[in-house]
J.: 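My questions will all concern the structure given below.
As the structure is a prediction and not an experimental result, all values here were calculated from the model.
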Amino acid sequence: MTDHREVRASDHDRDRVAEVLRVAVGEGRITLEEFNERVDRTYSARTLGELDEVVADLPGPGALSEPTRAAPLPVPVGGDTLLLHTTSGRVGQVGRWSVPPYLSAKAGRWGKVRIDFTSADCPHREVLLDIEITSWFGDIVVVVPRGWVVRDEEVVRRWMGAVYNRPPVPLAPDGVTVRLTGYVQTGDVWVRYRRATS
């Protein structure tokens with residue numbers, strides 16, 4: 001298994017670290033001279049490990065205070081829950097599977113989570129997906145069939161956390177609503193709408 005510190009960094013990864021440095025210099029955590037030196041290191045970094053070293057002595061997002069949720073998370077009754085949690089590497093739920101009413105996706109340090117509903121069997125009209133991203137290298141990808149709608153109003157966005165979600169069509173009569181809750185401190189949530197596969 002590949003050590004994720006040795007994985008090649010992308011331009012997007014470098015831009016995220018540069019933004020962390022911009023915030024740090026604005027807060028007075030590093031000097032302008034340190035900022036310039038670290039930005040040079042950031043854009044010449046080849047691996048995720050080298051990027052991590054650039055910001056290793058800076059507090060992580062939310063290190064000084066815990067994020068608050070927009071609303072209390074309902075606790076599911078019984079064990080009908082799917083947990084997709086990783087701090088390093090990739091985890092996912094794809095292909096033919098049965099969707100529970102509650103899912104939890106967490107992406108830490110170098111974690112990547114992918115949840116693909118396009119071939120899934122879903123007996124529910126609404127599914128709750130609680131998300132958590134605590135690293136600028138963390139990503140969660142949610143793929144749903146066209147006619148479903150992902151609602152992200154309850155997601156707390158802090159620091160550089162972002163949710164990219166543009167439903168191309170309204171909720172279909174037989175569509176499912178995926179309700180996102182939780183928080184994104186840094187990193188991204190990507191929602192993709194695809195044609196369902198049989």
J.: Without swapping roles, check the side chain of His124 against the backbone of Val176 for a donor-acceptor pair under 3.5 Å.
T.: no
J.: Indicate the atoms forming the closest heavy-atom contact of Thr134 with Gly108, along with that distance.
T.: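 Where Thr134 meets Gly108 most closely, the heavy atoms are OG1-CA, 3.9 Å.
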J.: Does Arg8 pair with Asp13 as a salt bridge, N-O distance under 4.0 Å?
T.: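 Between Asp13 and Arg8 there is no salt bridge, as every charged N stays at least 4.0 Å from the carboxylate O atoms.
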J.: Take Val178 and Val149 through the side chain to side chain contact (heavy atoms under 4.5 Å, CB included) test and state the conclusion after the steps.
T.: CA-CA 6 Å; Val178 178; Val149 169; over 6 Å; no
J.: Give me the atom names and distance for the closest heavy-atom approach of Ala18 to Phe35.
T.: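 Looking at all heavy atoms of both residues, the closest pair is O-CE1, 4.5 Å.
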J.: Between Arg41 and Glu50, is there a side-chain N and carboxylate O pair less than 4.0 Å apart?
T.: no
J.: Does the side chain of Arg194 come within less than 4.5 Å of Pro145's, by heavy atoms?
T.: no
J.: Using modelled atom types only, decide if a donor and an acceptor are shared between the side chain of Arg157 and the backbone of Val155 within a distance under 3.5 Å.
T.: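 Checked: pair present.
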J.: Under the 4.5 Å side-chain heavy-atom rule for ILVMFWY, direct or indirect, which residues accompany Trp190?
T.: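 Cluster partners of Trp190: Val141, Val143, Tyr164.
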J.: By the definition side chain to side chain contact (heavy atoms under 4.5 Å, CB included), identify the one residue from Ile131, Leu129, Val113 that meets it with Leu84.
T.: Val113
J.: Between Tyr193 and Val150 (side chain of the first, backbone of the second, donor and acceptor by atom type, cut-off under 3.5 Å), is there such a pair?
T.: yes
J.: With no hydrogens and no angle check, is any side-chain donor or acceptor of Arg14 less than 3.5 Å from a backbone partner on Ala45?
T.: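 It does hold such a pair.
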J.: Taking the side chain from Arg125 and the backbone from Gly175, do they hold a donor-acceptor pair closer than 3.5 Å?
T.: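 At least one qualifying donor-acceptor pair exists.
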J.: Using atom types as modelled and distance alone, determine if a side-chain donor or acceptor of Arg38 lies under 3.5 Å from a backbone N or O of Val54.
T.: yes
J.: Does CZ in Arg46 sit with more than 12 non-hydrogen atoms of other residues, nucleotides or ligands closer than 6.0 Å?
T.: no
J.: Start with the C-alpha gap between Leu58 and Val20, add the side-chain angles, then the distance that decides, and say whether side chain to side chain contact (heavy atoms under 4.5 Å, CB included) holds.
T.: CA-CA 9 Å; Leu58 297 175; Val20 169; 4.3 Å; yes
J.: Applying side chain to side chain contact (heavy atoms under 4.5 Å, CB included) to Arg114 and Arg90, what does each step give before you reach the verdict?
T.: CA-CA 8 Å; Arg114 182 180 181 87; Arg90 298 174 184 270; over 6 Å; no
J.: Is the backbone of His12 close enough, under 3.5 Å, to the side chain of Arg16 for a donor and an acceptor to pair up by distance?
T.: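 No; zero donor-acceptor contacts below 3.5 Å.
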J.: Can you list the steps and then say if Phe117 with Trp148 is a ring-ring contact (aromatic ring centres under 6.0 Å, His included)?
T.: CA-CA 10 Å; Phe117 293 92; Trp148 286 31; 5.5 Å; yes
J.: Is the shortest side-chain N to carboxylate O distance from Asp116 to Arg96 below 4.0 Å?
T.: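 Between Arg96 and Asp116 there is no salt bridge, as every charged N stays at least 4.0 Å from the carboxylate O atoms.
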J.: Between Asp139 and Ile133, does a side chain to side chain contact (heavy atoms under 4.5 Å, CB included) hold up when you go through it step by step?
T.: CA-CA 7 Å; Asp139 286 299; Ile133 305 178; 5.6 Å; no
